[in-house]
Amino acid sequence: MGYVPNPSRVVREMLEFMGLQGRDDLFADIPTGLKLNRDLNLEAPRSEQELRQELGRLAARNTTVDDRPCFLGAGAYDHYIPAVVEQMLLRSEFYTAYTPYQPEISQGILQAIFEYQTMICNLTAMAVANASMYDGGSALAEACSLACDVTRRSRVLVPDTVNPSYLEVARTYAAGGKMDVVVVPGKDGIADSAAIASLIDDQTAAVVVQNPNFYGNLETGLPAIERAIHSRKGLLVMAVDPISLGLLKPPGSWGADIAVGEGQSLGNPLNFGGPYLGFFAASEKLMRKVPGRLVGQTVDLDGRRAFVLTLQAREQHIRREKASSNICSNEALCALAAAIYLSVVGRDGLKEIAARCHQLACYAKNELQRAGLNLKYPQPFFREFAVAIGDPTAANRALLDQGIIGGYELDGGLLLAFTEKRSRAEIDRLVSVLGGIDNE
Amino acid sequence: MSKLIFEKSVPGARAFALPSCNVPEPGELPDSFLRQEDALLPEVSEVEVVRHYTELSQRSYGVDNGFYPLGSCTMKYNPKIDEWAARLPGFANIHPYQVEETVQGALELMFDLEEMLREITGMDRFTLQPAAGAHGEMTGVMIIKAYHNHRQDLHRTKMIVPDSAHGTNPATAHMAGFEVIEVKSNERGLVDIDDLRSLMSDQVAGLMLTNPNTLGLFEEEIQGIAEVVHAAGGLLYYDGANANAIMGVARPGDMGFDVCHLNLHKTFGTPHGGGGPGSGPIGVKAFLADFLPVPVVVKRDGRFALDYDLPLSIGKVQSFYGNFGVMVKAYAYIKALGASGILEACENAVLNANYIRTRLRGHYDIPYDRLCKHEFVASATKQKKEHGVSALDVAKSLIDYGYHPPTIYFPLIAEEAMMIEPTETETRERLDDFVEAMLAIARDAVEHPEQVKDAPRKAVIRRVDETGAARNPVLKWTP
Ligand SMILES: Cc1ncc(COP(=O)(O)O)c(C=O)c1O
């Protein structure tokens, strides 16, 4: 079934009104040789009822995190989403609108983005935040390229404790030729701050630090790295987890110049990897270089507070090839979900969620150790850590057999994440399966 | 005026509670890693959160509110069944790193979607990874770059882009490290093929082209253009933002394009989300398939799998596999329409655009007044010259008539441009009402130009001080 509202009689009348004989006349400007001149080879149109059945069947072939407790993280997390978030996102004034180019007709969306920007600034302790990027990986890539632009340098140092997917995205962007991504091997599951410091020179645009890092560990060398990069006038780029910021020191307080991260945890479903949202925040100095949309506060002709897309001279539709990025559509609805989520959980809720995740992770660690397993890295962590396991694939299979979605497989380890959705009983089951497997 | 959610905060108010928990309290985080001050977030009760966002929604305008002829953006109706589908727990609540055997349904959907997009575009392979059109452009242009590099053809440092191109095209080419060369449009609003010929050389990596172009005009000489580009060793990139105008009738793959992106959030009915998320899959001809981002979805022995083994891949452009939730909606949309529905959608998009164009003729200038595709550009030059009423003024007046304005001042090659794209999902009655509003504004421009310049008066605010916003940026709320 299609969604064209005009009955064929009306279509005929419209064609007649324009003096056209038939629908083919609408395509008289396309050379005959280029026309398809056959039907597309697609299956027969579906009724809504058929669609519902087919899609339901396809969806049912996936094992969901509702059916099985999920200990996978590695960049995407199974946090609880309050019903208010889902319900408000169904307001179709939000989801069927586009970028709020016309402020008079888009004040609601503009205000929501302004509030989102404020929340991200407050979470990260940064001065400005944009309206969203595609995801954590592309936000990091854009941060690196911004650092190269403003410092007029080309090298970016990235410890291998940064999410490997982010690193790969940054590398892809680096093929543009303006930046050179240098990976610095970590030590014991954290960045090697001495090695990084020794590599920093006056061609180093930035050092990237993810905290907590990909392995869930806290980057205890952060202060040393911060001093080293700033003493050579490079930038500190931090990737952070927004839930952790309920508890952990924010990038602004570490001295970061740019803070990015994956915002999925804030009210967005796992969605098999997307849509998510990258958040992007920066220091005041970088305000006019930030990529993407920015909403600013202003007044209307009657002096009333109003919101509008601003500093557009950075953007592709004004600056074309001189723009700070090519981004146009972003992840506005996911950012709205994040804003609604943060409004619901609020100031205390976010702290409590962060503390609960950490509490459950610590419990799991202690129980795993009691069961004879060891941590892969001897580091403090937030809500995710790696347990040493000889054959992580076999371990995951054993877990799945017991109805548990296991962890992310590392070389000789399993990276396990603990959100507030996990219960003591689920963790006990995890531990009993992992404790029971033959681990070398 | 709406208060900000922060201004509604009441210390101690809350809308959230954790479940109870019976594990011991830890205390293992080093003090130096702890936050010293709470992040300033709202403290609001559940009912007030709901009222807040309900109010904000009422101060917004989507396709469900009314006609949204925002040119180049294809603001068609977003079917509700697609929203339902994307929210199915089997699609929404699966982790991207689950083992393949537990996500066969998701992988099958991606595999099938790719197959349908191949048929619709005439391209050989796709990646669904890019998150939007511009992201797809970057992916596509990086593939072009990787292809030339792989052939040791290392001097192709230029990318040609028409002067009518969308801003993302030159911005993308620049990000990918190319020097952007502009090719002129001719007096018919199409690529000037002589100019193109003079720009081509062995330093040109390719040409980025939108067809129909941003004036809504089909590039009739596309075969000649492809020949010129290919003869000089360049590749042809198709910006598929306007694919709604040709789907089911003609295909970029048959026109000579080597790489193309599609905007699922335009052509295939997925909603625009107030600015996103979109999805910008990239299709390539077989000789470029090895350069696609990893992973790609493959089918082996009846099972679906993610294949990372593409030695020439440009890498990843997104952390996971793309905006899967958007893919679900596009998949449902294409399945609903089938071949006949796709053709019907395309025909009616073109019909509606030409209908408005015909009806506005004589009241507004129409710089290229001939058969258009899914959109056309009208101009307020006459109103501007005679009465000082600009495209911006017309746009703002439309708000008072209950419409979302068209895209204005784009493409740059038309003066006082108003780019009107009705899409296929509008009734003749709505098109007529819109035309009547446009005609009334044209009359107002003659009789009460001051009134038009003062519009809107019926919106929740009047025009805003944009200069002040940019001069003294206030980008966040402070207590
Ligand atoms: C012609 C054209 N090309 C490219 C784009 C960029 O697409 P997106 O906003 O999805 O990045 C647009 C979007 O407005 C467009 O109209």
Side-chain angles (χ1 to χ4, degrees), chain A residues 2 4-5 26 29 39-40 42 45 55 58-59 61-64 72 88 91-93 96-99 104-105 107-109 118 121-122 134 137 165 168 172 176-177 269 271-275 296-298 300-301 306 310 316-317 320-321 323 326 328-333 345 347 349 362-363, chain B residues 15-16 23 26 39-41 49 53 56-57 59-64 85 88 90 92-96 102 105 131-132 134 167 170-172 174 177 180 218 271-278 315-316 319-321 323-325 338-339 341 347-348 350 427 459 461-462 464-465 469 474 476-477:
Chain A
V4 169
L26 294 167
D29 50 354
D39 288 342
L40 285 171
L42 298 173
L55 283 153
L58 261 188
R61 293 183 48 205
N62 301 317
T63 304
T64 74
L72 263 174
M88 289 293 105
R91 300 284 309 187
S92 68
E93 300 90 335
T96 69
Y98 204 10
T99 308
E104 299 86 352
I105 202 169
Q107 279 302 294
I109 287 178
T118 306
C121 287
N122 293 353
Y134 303 133
S165 290
E168 278 190 57
T172 306
N271 281 330
F272 200 46
Q297 181 182 311
T298 185
D300 79 349
L301 282 171
T310 194
Q316 45 77 26
H317 60 290
R320 299 179 75 81
E321 70 267 23
N326 69 339
C328 179
S329 293
N330 53 25
E331 306 285 305
L333 201 70
V345 302
R347 182 176 179 148
C362 289
Y363 173 72
Chain B
F16 177 80
V23 318
L40 184 51
L41 292 173
V49 173
Y53 287 102
L56 292 189
S57 75
R59 291 158 70 90
S60 304
Y61 184 102
V63 173
D64 286 1
L88 282 169
N93 300 340
I94 48 177
H95 191 286
T102 66
T172 298
H174 177 76
V180 178
F218 191 83
H272 290 67
K316 290 176 77 63
S319 302
F320 300 103
Y321 323 121
N323 284 346
F324 176 74
E347 287 171 346
N348 281 272
V350 174
T427 61
I461 53 163
R462 294 178 63 199
V464 305
D465 180 6
V474 178
K476 65 174 182 185
W477 174 80

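Reminder, nothing fancy here: chain letters follow the sequence lines and each chain counts from 1. Hydrogens, waters and symmetry mates are skipped; everything else that's a heavy atom, side chains included, is used.
- Comparing A:L58, A:L55, A:V345, A:T99 by heavy-atom pairs within less than 4.5 Å of chain B, the highest count is held by A:L58.
- To the nearest 0.5 angstrom, B:T172 atom OG1 is 11.0 Å from A:R320 atom CZ.
- Using a distance-only test at 3.5 Å, with no hydrogens or angles considered, no donor-acceptor pair links the side chain of A:N271 to the main chain of B:F324.
- Only the side chain of A:T310 comes within contact range of chain B, with at least one heavy atom under 4.5 Å from a heavy atom of that chain.
- Looking only at heavy-atom pairs under 4.5 Å with chain B, the residue among A:C121, A:S165, A:P275 that has the most is A:P275.
- Note that the OG1 atom of A:T63 and the CG atom of B:N93 stand 12.5 Å from one another [nearest 0.5 Å].
- Interatomic distance, B:I94 CD1 to A:L72 CG, rounded to the nearest 0.5 Å: 12.0 Å.
- If you take CD1 on B:I461 and OG1 on A:T298, they are separated by 9.0 Å, rounding to the nearest 0.5 Å.
- Using a distance-only test at 3.5 Å, with no hydrogens or angles considered, no donor-acceptor pair links the side chain of A:N122 to the main chain of B:A39.
- Residues A:E93 and B:S57 come closest through the heavy atom pair CB-O, 3.1 Å.
- No donor-acceptor distance shorter than 3.5 angstrom exists from the side chain of A:N326 to the backbone of B:A171, with no hydrogens or angles considered.
- Put simply, the side chain of A:T172 gets close to the backbone of B:K316: a donor and an acceptor are under 3.5 Å apart.
- Across every non-hydrogen atom of A:D300 and B:R462, the tightest pair is OD2-N, 2.8 Å.
- A:T96 contributes a side-chain N or O that, together with a main-chain N or O of B:D64, makes up a donor-acceptor pair within less than 3.5 Å.
- For the residue pair B:L88 and A:A59, the shortest heavy atom distance occurs at CD1-CB, 3.8 Å.
- In terms of heavy-atom proximity, B:G274 sits nearest to A:I109 at CA-CD1, 4.0 Å.
- Closest approach of A:F272 and B:H95 over heavy atoms only: CD1-O, 3.8 Å.
- Between B:L40 and A:R347, the closest heavy-atom pair is CD1-NH1, 3.4 Å.
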